[in-house]
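A short write-up of the structure that comes next.
Quick note: numbers below take in every heavy atom, side chains included, and nothing from hydrogens, waters or symmetry partners.
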Amino acid sequence: MASCSRGLRVWPRVLLYGDSITQRCFTEEGCWGSLFADYLQRKCDVVVRGFSGYTTRWCKLMLPSILDKTVAKDTVAMTIFLGANDSNNEANVRQHVPLEEYRENMKEMVDYALSTGISRDRVILISPPAFNASAWAVECKRRGTVLTKDNTTTGVYARACCELAQEMGTGVVDLYTEMMKAEDFSGFLVDGLHLSHSGSRLLFSQLQPIIDRLTADLPMPIFPFKDDVDLDNLEKSLLS
């Protein structure tokens, strides 16, 4: 078998960082990550680093274990999608993060990403989605917990996320506002908190123009299409 002297080919990557809405992004309902993996196939890897229940307080500390200059070198876009947990009220001592701390944590994560070499236009902040308290109350009862969130407070955190993105010059998707434009946004959520298939489609549609711009100059495809492979010189077609 012929070997490539350049070693393992590293593909450009889109890095998705966040909480359970990111962790679930390859599931049947919360499929916005898998939609991008399909959309960018043979052009980019879509790498998911989502952590159910986590907040900016935790994710800020973890980010250097996930992103360094080596990873950043091949990262063409990075989403930071946090706030759904932070915006719980003070009764939820495990997850509540005060608004100003949330904002500062998000800023520190952006600053860290920039320090690794990712340009600010390649960092995309995503606001927490709108929240359906009645549906989530049912889920809380099933779990044996109590409801500690409301949609109005979620909107305040979403606005802070978008304002920070504007101040720092990063990309942004205001998912909260896009959802609230609907007459009934509950269909965008599977349980009041996490994205349904239609909610995932909505997020994909908002991110797609940004990702298109950031990946426009990348070669497509990586390795030639089957009809372009030179059968008389496979090594030149496949290893050059």
Side-chain angles (χ1 to χ4, degrees), residues 8-52 54 56 59-60 62-84 106-129 161-162 164-165 168-176 178 194-195 197-223 225:
L8 183 66
R9 180 189 290 260
V10 177
W11 291 32
R13 71 171 60 84
V14 174
L15 176 61
L16 311 180
Y17 189 48
D19 54 32
S20 59
I21 306 175
T22 297
Q23 180 176 312
R24 293 181 177 208
C25 74
F26 271 69
T27 63
E28 184 176 357
E29 290 283 348
C31 58
W32 62 278
S34 56
L35 290 172
F36 270 111
D38 178 49
Y39 185 66
L40 296 170
Q41 58 179 289
R42 298 186 66 178
K43 191 172 187 177
C44 282
D45 283 335
V46 176
V47 178
V48 177
R49 297 292 181 264
F51 303 90
S52 179
Y54 279 37
T56 59
C59 288
K60 176 185 71 173
M62 295 161 52
L63 186 54
S65 300
I66 291 166
L67 177 68
D68 61 15
K69 291 184 177 180
T70 300
V71 174
K73 179 171 61 71
D74 300 296
T75 299
V76 297
M78 175 186 180
T79 62
I80 303 177
F81 189 5
L82 291 161
M106 292 288 283
K107 180 180 183 301
E108 288 186 29
M109 282 186 278
V110 172
D111 283 336
Y112 176 77
L114 300 181
S115 77
T116 66
I118 299 178
S119 59
R120 63 184 68 245
D121 64 312
R122 295 187 181 277
V123 178
I124 308 160
L125 304 188
I126 305 174
S127 80
C161 174
C162 296
L164 177 65
M168 300 196 74
T170 69
V172 64
V173 170
D174 187 355
L175 182 58
Y176 180 91
E178 290 301 317
H194 299 99
L195 297 181
H197 190 270
S198 61
S200 299
R201 282 278 179 186
L202 176 64
L203 177 52
F204 174 77
S205 72
Q206 296 298 306
L207 277 169
Q208 185 178 351
I210 304 173
I211 299 296
D212 279 346
R213 175 177 56 81
L214 296 176
T215 61
D217 295 334
L218 295 178
M220 172 63 189
I222 298 177
F223 295 106
F225 290 121

TODO: Would you name the heavy atoms of Leu16 and Gly33 that are closest together and state the gap between them?
DONE: CD1-CA, 4.1 Å

- [ ] Tell me, please, which residues at least two apart from Ser200 pass side-chain hydrogen bond (donor to acceptor under 3.5 Å, both in side chains).
- [x] none

- [ ] Indicate the atoms forming the closest heavy-atom contact of Ser205 with Leu202, along with that distance.
- [x] OG-O, 2.6 Å

Task: Under the ring-ring contact (aromatic ring centres under 6.0 Å, His included) test, residues paired with Tyr39 that sit two or more places apart - done: Phe204

Task: Pairing residues for Ala165 by the side-chain contact (heavy atoms from CB on, under 4.5 Å) criterion, not counting sequence neighbours - done: Leu125, Thr170, Val172

Task: Contacts of Phe51 that satisfy ring-ring contact (aromatic ring centres under 6.0 Å, His included) - sequence neighbours left out - done: Tyr54

Task: salt bridge (charged side-chain N to carboxylate O under 4.0 Å, His left out) contacts touching residues 107-120 (sequence neighbours left out) - done: Lys60-Glu108, Lys107-Asp111

Task: Approximate separation, where rounding is to 0.5 Å, of Leu207 CG and Ile126 CD1 - done: 4.5 Å

Task: salt bridge (Lys or Arg N to Asp or Glu O under 4.0 Å) partners for Asp74, two or more places apart - done: none

TODO: For Tyr17, enumerate each residue passing the ring-ring contact (aromatic ring centres under 6.0 Å, His included) test, keeping only those at least two apart in sequence or located in another chain.
DONE: none

Open item on the list: Measuring from atom CE of Met62 to atom CG of Leu67, what distance do you get when rounded to the nearest 0.5 angstrom?
Closed with: 12.5 Å

Task: Residues that Tyr176 engages under side-chain hydrogen bond (donor to acceptor under 3.5 Å, both in side chains), provided they are two or more places apart - done: Asn151

TODO: Return each pair, listed once, that meets salt bridge (charged side-chain N to carboxylate O under 4.0 Å, His left out) where at least one residue sits in residues 213-223; pairs must be two or more places apart or across chains.
DONE: Asp121-Arg213

Task: Val173 versus Gln206, closest heavy-atom pair with distance - done: CG1-CB, 3.6 Å

Open item on the list: Just verifying a value: how many Å separate Leu63 CG and Asp68 CG, rounded to the nearest 0.5 Å?
Closed with: 10.0 Å

Validation: residues 18-25 side-chain donor-acceptor distances under 3.5 Å, sequence neighbours left out:
| unit_1 | atom_1 | unit_2 | atom_2 | d |
| --- | --- | --- | --- | --- |
| Asp19 | OD1 | Ile21 | N | 3.1 |
| Ser20 | OG | His194 | NE2 | 2.8 |
| Gln23 | OE1 | Ser52 | N | 2.8 |

- [ ] Identify the heavy atoms of Leu82 and Pro128 that sit nearest to each other, and give their distance.
- [x] O-CD, 3.9 Å

TODO: Using the side chain to side chain contact (heavy atoms under 4.5 Å, CB included) rule, pick out the option among Ile80, Leu214, Val14 that qualifies with Ile124.
DONE: Leu214

- [ ] Could you tell me which residues satisfy salt bridge (Lys or Arg N to Asp or Glu O under 4.0 Å) with Glu28, sequence neighbours excluded, listed by chain and number?
- [x] none

Task: Results of side-chain hydrogen bond (donor to acceptor under 3.5 Å, both in side chains) for Ser198 - residues two or more places apart only - done: Ser196

